[in-house]
Amino acid sequence: MDALIVTANKQISASLSSAVRRAGADNIAVAFDAVTAKRMACDRGFDLTVVYAEGTAGRSVELARAIATRGYGGVILIASAANGDELAGRLEEDGVLVLTKPLSHVELFRTVALVRATNNRIARLIEEKRDLLKKIDDMRLISRAKLILMQTMGYTEEQAHKHIEKRAMDARRTRAEVAVEILKTYEV
């Protein structure tokens with residue numbers, strides 16, 4: 001897991017880096033300002049970004065929101081206990097997890113594990129979506145090829161379907177590959 005730590009404090013960055021590494025991050029990068037953090041997040045797309053809020057947390061909140069809404073992995077904002085609940089409510093819709101100071105290593109470890117589990121689930125959903133979109137594209141191709149066969153060869157839909165299936169089976173190719181071949185042959 002690749003992680004980005006964002007804090008203006010070098011001592012805190014070292015502590016957070018150590019804790020995130022123990023929680024399972026392989027590669028850890030550190031940014032000491034929001035501009036660098038945004039650029040790094042856009043260039044690399046980290047699995048986890050930890051933003052350590054200083055003071056009123058205004059800029060940190062906007063940074064966490066910007067990174068989260070662009071879909072660059074999980075985002076954890078570490079804020080003061082005084083405004084942690086309010087920030088958690090504001091950032092919930094963006095998918096930012098808010099932890100409050102003082103922060104225990106156990107709490108950070110569990111939250112990083114939660115982010116890792118969520119990232120794995122999202123990756124599976126993205127793969128399923130990609131597979132479904134491919135199936136839909138294949139079905140469109142096959143439907144167009146069937147329509148062409150019906151128009152040019154006078155086949156019924158069932159005959160066109162069987163023709164495509166038989167050609168695919170005989171040639172040991174997918175129905176979509178056969179459909180593309182038919183479309184190339186008959187479409188102008």
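Numbers for residues simply follow the sequence, beginning at 1.
A single hydrophobic cluster is seen to contain both Leu108 and Val30, as judged by linkage of ILVMFWY side chains at heavy-atom distances under 4.5 Å, directly or through other members. The same ILVMFWY cluster, assembled from side-chain heavy atoms under 4.5 Å apart, contains both Val180 and Leu149. Linking ILVMFWY side-chain heavy atoms closer than 4.5 Å, directly or via other members, places Leu103 and Val115 in a single hydrophobic cluster. Put simply, Ile122 and Leu97 are part of two different groups of oily side chains (I, L, V, M, F, W, Y) that touch within less than 4.5 Å, one to the next. Under the 4.5 Å side-chain heavy-atom criterion for ILVMFWY residues, a single connected hydrophobic cluster contains both Leu183 and Ile164.
In this structure, CD in Glu181 is found 13.0 Å from CG in Leu141, a value given to the nearest 0.5 Å. Note that CZ of Arg175 and CD1 of Ile142 are 4.0 Å apart. Values are rounded to the nearest 0.5 Å. Atom OG of residue Ser13 and atom CD1 of residue Ile5 lie 8.0 Å apart, to the nearest 0.5 angstrom. Put simply, CG on Leu99 and CD on Glu107 are 5.0 Å apart, with the number rounded to the nearest 0.5 Å. Note that CD of Glu127 and CG of Leu132 are 10.5 Å apart. Values are rounded to the nearest 0.5 Å. Atom NZ in Lys146 sits 4.5 Å away from atom CD in Glu157 (nearest 0.5 Å).
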Would you sort out whether Glu62 and Arg65 count as a salt bridge (Lys or Arg N to Asp or Glu O under 4.0 Å), showing the intermediate values?
CA-CA 5 Å; Glu62 293 313 311; Arg65 178 175 279 142; 3.5 Å; yes
Before you tell me yes or no, could you show the steps for Val112 and Ile76 under side-chain contact (heavy atoms from CB on, under 4.5 Å), namely the whole-Å CA-CA distance, both residues' side-chain angles and the distance that decides it to 0.1 Å?
CA-CA 8 Å; Val112 170; Ile76 299 171; 4.1 Å; yes
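Tyr52 is not listed as a side-chain neighbour of Asn9, based on a closest heavy-atom distance of 4.5 Å or more. By the 4.5 Å heavy-atom criterion applied to side chains, Arg110 and Leu114 are not counted as neighbours. In this structure the side chain of Val75 never reaches within 4.5 angstrom of the side chain of Asp94, judged on heavy atoms. Residues Tyr186 and Ile182 have side chains in contact (heavy-atom distance under 4.5 Å, counting atoms from C-beta outward).
Counting only N and O atoms by type, the side chains of Arg21 and Ser17 include no donor and acceptor under 3.5 Å apart. For the 3.5 Å distance criterion, the side chains of His161 and Glu165 qualify, holding a donor opposite an acceptor.
When the options Lys166, Arg172, Arg167 are evaluated for a side chain to side chain donor-acceptor pair (under 3.5 Å) with Asp170, the one that passes is Lys166. Among Lys134, Arg140, Lys135, the single residue meeting the salt bridge (Lys or Arg N to Asp or Glu O under 4.0 Å) criterion with Asp138 is Lys134. The only member of Leu77, Thr49, Val51 that meets side chain to side chain contact (heavy atoms under 4.5 Å, CB included) when paired with Leu63 is Val51.
When all heavy atoms of Ser80 and Lys101 are compared, the closest pair comes out as N-CE, 4.1 Å. Considering every non-hydrogen atom in both Ala66 and Thr69, the closest pair reads O-OG1, 3.2 Å. Of all non-hydrogen atoms in Val6 and Ala37, the two that sit nearest each other are CG2-CB, 3.6 Å. Scanning both residues, Val98 and Leu91, for their nearest heavy atoms gives CG2-CD1, 4.0 Å. Contact record, Ala53 with Ala79: CB-CA, 4.2 Å, taken as the closest heavy-atom pair. Taking every heavy atom of both residues into account, Met40 and Ala29 meet most closely at CE-CB, 3.4 Å.
Side-chain atoms of Asp2 do not come within 3.5 Å of backbone N or O of Phe46 as any donor-acceptor pair.
Judged by a 6.0 Å distance limit and a 45° cone about the ring axis, Lys162 is not positioned over the six-membered ring of Tyr155.
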